[in-house]
Undergrad: 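This is the structure I have questions about; it appears just below.
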Amino acid sequence: MPELPEVEVTRRSLTEQMVDAVVHEARLGKSLRWPLGCTEASLAGRVVGALQRRGKYLWMPLSARPMAAATEDAGGLLLHLGMSGSLAFGRDLVPAGAHDHFELTTSRGTLRLTDPRRFGAVIWSSGPGDARAAKLLSALGYEPFDPSFDGPQFHRLLKVRRAPIKAVLLAGQVIVGVGNIYASEVLFRAGIDPRLRSNRISQARAHRLLAAIRQTLERAIALGGSTLRDFRDAYGSAGAFQAEALVYGRAGLPCPNCGAPIRRLEQGQRATYFCARCQRR
DNA sequence: AGTTAAACCTGGTTGC
DNA sequence: TGCAACCAGGTTTAAC
């Protein structure tokens, strides 16, 4: 489910409800991708800080006591929603089901991670120097909305890769947050063939692609993300961007721009949707 | 080092 | 209806 817009929508809805909450109890059910890395009891009494996002990861600061200086205790939880994860928060959640794998009971309500496929993760990190967290975050590319990231820099990074542009976007080593839905969508909006090799992209088209990424992700965030099957924000609301998808999941349907049938192909074991007439090599 | 395939899981949909 | 095959929003790991 979750690409950058869904994770960002989750971050915002969670932060509104959870900042300053005091943790009462943590409960881990079926194992997720990795072990938690601390005892559940060691989270009790900690105070939730403002959530941050890096790529598709969420960072929840958990201070050992109220008003602790950041330098004094920079610990917290690193969360990833994987393919099918979502987070819910509230005082009266429905009883936990078979796919609810992590719960954090707090003074303001209960945070619950639901993830049928269990590709998601919750790991304790003691701070920036934490090796496990650093390993996950260190190879990540630029944030799409980082103001210091611009078209020329994007172009330079694309020039040194030979994989198809779709694969380069998905890999997240150049720019983070673009998953399988939005990769097809941004390439359509930029008029670029997903099979085009990254190093063959001109500077002008790189600029156009970056602009399309920013506009598309921004619009998706504004619409609460995409809900294909089960994504919900922390209030339980579904997203609406899927209704504005121009090519994703629309094989055989007419291109909204030229009417030619949208094509589906496979790249790196993932489906890609595009219009062979509007998107050029 | 870069690129590609396999692996991790479960559930819903499609087709015979 | 039953059941196999295929599909799904991600990322790590191993292998060319």
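In what follows, every chain begins at residue 1, and chains take the letters A, B, ... in the order their sequences are listed. All figures in this text were calculated on a predicted structure; none of them were measured in a lab.
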Undergrad: Answer yes or no: side-chain N or O of A:Arg117 and base N or O of B:dC9 forming a donor-acceptor pair under 3.5 Å.
TA: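 Yes, the side chain and the base share a sub-3.5 Å donor-acceptor pair.
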Undergrad: Nearest-Å distance, CD1 (A:Ile181) to P (C:dA8)?
TA: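 Distance, rounded to whole Å: 11 Å.
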Undergrad: Under a 3.5 Å cutoff on both atom distances, Watson-Crick or G-U, what's the dot-bracket for DNA chain C ([ ] crossing, | other strand)?
TA: .|||||||.|||||||
Undergrad: Let me confirm one number: the NZ-CG distance from A:Lys166 to A:Asp193, rounded to the nearest 0.5 Å.
TA: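 Going from NZ on A:Lys166 over to CG on A:Asp193, the span is 12.0 Å.
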Undergrad: In whole angstrom, what separates A:Arg264's CZ from C:dA8's C1'?
TA: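 Checked: the CZ to C1' distance equals 10 Å.
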Undergrad: Distance check, P atoms only: B:dT14 and C:dG9, in whole angstrom units.
TA: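 It works out to 16 Å between them.
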Undergrad: In whole angstrom, give me the gap between the P atoms of C:dA14 and B:dC9.
TA: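 The answer is 15 Å between these two P atoms.
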Undergrad: Nearest-Å distance, CD (A:Glu3) to P (C:dG9)?
TA: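 It works out to 8 Å between those atoms.
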Undergrad: Determine whether A:Val176 and A:Lys56 make a side-chain contact, defined as any pair of heavy atoms from C-beta on separated by less than 4.5 Å.
TA: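 No, too far: nothing below the 4.5 Å cut-off.
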Undergrad: Does the side chain of A:Thr216 come under 3.5 Å of the side chain of A:Glu185 through a donor N or O and an acceptor N or O?
TA: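 Short answer, no.
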Undergrad: What is the distance, rounded to the nearest whole Å, between atom CE of A:Met83 and atom C1' of B:dC9?
TA: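 About 10 Å, once rounded to whole Å.
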Undergrad: In Å, rounded to the nearest 0.5 Å, how long is the span from OG1 of A:Thr110 to CG of A:Asp100?
TA: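 If I round to the nearest 0.5 Å, the distance is 11.5 Å.
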Undergrad: Report each atom pair, protein N/O against N/O of nucleotides 1-4 of chain B, whose distance is under 3.5 angstrom.
TA:
from	atom 1	to	atom 2	distance (Å)
B:dT3	OP1	A:Arg162	N	2.4
B:dT3	OP1	A:Ala163	N	2.9

Undergrad: Taking atom C1' of C:dG9 as reference, at what distance in whole Å does atom CG of A:Leu113 sit?
TA: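 Computing the A:Leu113:CG to C:dG9:C1' distance gives 15 Å.
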Undergrad: Which whole number of Å gives the distance between the P atom of B:dA6 and that of C:dC6?
TA: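 One P to the other, the span is 14 Å.
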Undergrad: Supply the atom-to-atom distance A:Arg205 CZ to A:Leu158 CG, rounded to the nearest 0.5 angstrom.
TA: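 Going from the CZ atom of A:Arg205 to the CG atom of A:Leu158 covers 11.5 Å.
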Undergrad: Distance check, P atoms only: C:dC7 and B:dA5, in whole angstrom units.
TA: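 My reading of the P atoms in C:dC7 and B:dA5 gives 16 Å.
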Undergrad: For the pair A:Tyr182 and A:Phe241, name the ring-plane relationship: parallel under 30°, tilted 30 to 60°, perpendicular over 60°.
TA: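 Ring orientation of A:Tyr182 relative to A:Phe241: tilted.
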Undergrad: Using the test salt bridge (Lys or Arg N to Asp or Glu O under 4.0 Å), find all partners of A:Arg54 that sit at least two apart in sequence or belong to another chain.
TA: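 Partners of A:Arg54 by the salt bridge (Lys or Arg N to Asp or Glu O under 4.0 Å) criterion, ordered by chain and then number, come out as A:Glu143.
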Undergrad: In this structure, how many angstroms lie between the C1' atom of B:dC9 and the CG atom of A:Leu81, rounded?
TA: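 Result: 16 Å.
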Undergrad: According to salt bridge (Lys or Arg N to Asp or Glu O under 4.0 Å), who are the partners of A:Arg12, at least two apart in sequence or on a separate chain?
TA: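 By the salt bridge (Lys or Arg N to Asp or Glu O under 4.0 Å) rule, A:Arg12 matches A:Glu8.
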Undergrad: If you compare every side-chain N and O of A:Lys30 against the phosphate oxygens of B:dC9 (OP1, OP2), does one of them come in below 4.0 Å?
TA: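 So the side chain of A:Lys30 is outside the cut-off, no N or O lying under 4.0 Å from OP1 or OP2 of B:dC9.
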Undergrad: Mark up nucleotides 11-16 of chain C, 5' to 3', with B wherever a protein heavy atom is under 4.0 angstrom from a base atom, S wherever such an atom reaches only the sugar-phosphate, and - elsewhere.
TA: BSS---
Undergrad: Could you state the atom-to-atom distance from CG of A:Asp115 to P of B:dG11 in whole Å?
TA: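 Going from A:Asp115 (CG) to B:dG11 (P), I get 11 Å.
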Undergrad: Answer with base, sugar-phosphate or nothing: what part of the nucleic acid does A:Tyr248 contact at a heavy-atom distance below 4.0 Å?
TA: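 Counting heavy atoms under 4.0 Å across all strands, the contact made by A:Tyr248 is with sugar-phosphate only.
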Undergrad: How far does CD of A:Glu6 sit from CD1 of A:Ile221, to the nearest 0.5 angstrom?
TA: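 Nearest 0.5 Å value for the CD-CD1 distance: 9.0 Å.
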Undergrad: What is the separation between atom CZ on A:Arg118 and atom P on B:dA7, rounded to the nearest whole Å?
TA: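 Between P of B:dA7 and CZ of A:Arg118: 18 Å.
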Undergrad: Tell me, please, which residues at least two apart from A:Phe274 pass ring pair (Phe, Tyr, Trp, His ring centres under 6.0 Å).
TA: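 Applying ring pair (Phe, Tyr, Trp, His ring centres under 6.0 Å) to A:Phe274 gives none.
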Undergrad: Counting the atoms with a prime plus P, OP1 and OP2 as sugar-phosphate, which does A:Ala271 contact under 4.0 Å by heavy atoms, base, sugar-phosphate, or nothing?
TA: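 The residue A:Ala271 makes sugar-phosphate contact but no base contact.
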Undergrad: Within less than 4.0 Å of OP1 or OP2 of B:dG11, is there a side-chain N or O belonging to A:His99?
TA: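 Yes.
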Undergrad: To the nearest 0.5 Å, tell me how far A:Leu28 CG sits from A:Leu32 CG.
TA: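 The CG atom of A:Leu28 sits 6.5 Å away from the CG atom of A:Leu32.
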Undergrad: So how far is it from A:Ser107 OG to A:Asp20 CG, rounded to the nearest 0.5 Å?
TA: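 Taking OG in A:Ser107 and CG in A:Asp20, the distance rounds to 8.5 Å.
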Undergrad: Are A:Phe119 and C:dG10 stacked, counting the six-membered base ring, centres under 5.5 Å, planes under 30°?
TA: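 Check passed, A:Phe119 stacks on base of C:dG10.
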